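First the structure, in the form of structure tokens, and then the observations on it.
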Amino acid sequence: MGKLIYLATGGILGTFARYYFSGFIYQKLGSTFPIGTLIVNLTGCFLIGFLSAIIDEKFFLVMMPKEEFLINNC
């Protein structure tokens, strides 16, 4: 049950962060092209790559593969 609560909390926080960050970019740039969504997606890709490199070098995840960790936490 604890995993479900963590998953729901992470999903809610990620959704709100994505929504407000994208809206902030739209307000600053005022474009009809969805530049906010593009920037949010590129930032997410960068963070997943960055975390993947750190996990490969620093941690040894026996119980959970790296991909599952990143998918569940990013």
Side-chain angles (χ1 to χ4, degrees):
M1 187 66 169
K3 288 183 182 182
L4 183 61
I5 292 172
Y6 288 134
L7 179 65
T9 303
I12 290 169
L13 292 175
T15 300
F16 281 126
R18 182 182 182 98
Y19 176 77
Y20 286 113
F21 184 64
S22 183
F24 174 76
I25 293 170
Y26 282 128
Q27 285 179 348
K28 294 295 179 186
L29 299 178
S31 176
T32 58
F33 180 76
I35 192 77
T37 303
L38 178 65
I39 291 174
V40 167
N41 287 343
L42 290 176
T43 303
C45 290
F46 174 77
L47 287 174
I48 288 174
F50 183 73
L51 289 174
S52 176
I54 289 175
I55 289 170
D56 275 347
E57 291 181 10
K58 303 285 182 186
F59 301 104
F60 181 69
L61 300 176
V62 177
M63 299 292 287
M64 186 180 341
K66 173 185 66 171
E67 291 80 13
E68 183 178 347
F69 175 78
L70 290 172
I71 289 170
N72 289 335
N73 295 303
C74 289

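Computed from a predicted model, the values in this text were never measured in an experiment.
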Leu38 and side-chain contact (heavy atoms from CB on, under 4.5 Å): which single residue from Asn41, Leu42, Val40 fits?
Leu42
Working to the nearest 0.5 Å, report the span between OH of Tyr26 and CD1 of Ile39.
9.5 Å
Do Ile12 and Phe21 belong together in a cluster built from hydrophobic side chains that touch within less than 4.5 Å?
no
Mind checking side-chain hydrogen bond (donor to acceptor under 3.5 Å, both in side chains) for Tyr19 and listing every partner two or more places apart, or none if nothing turns up?
none
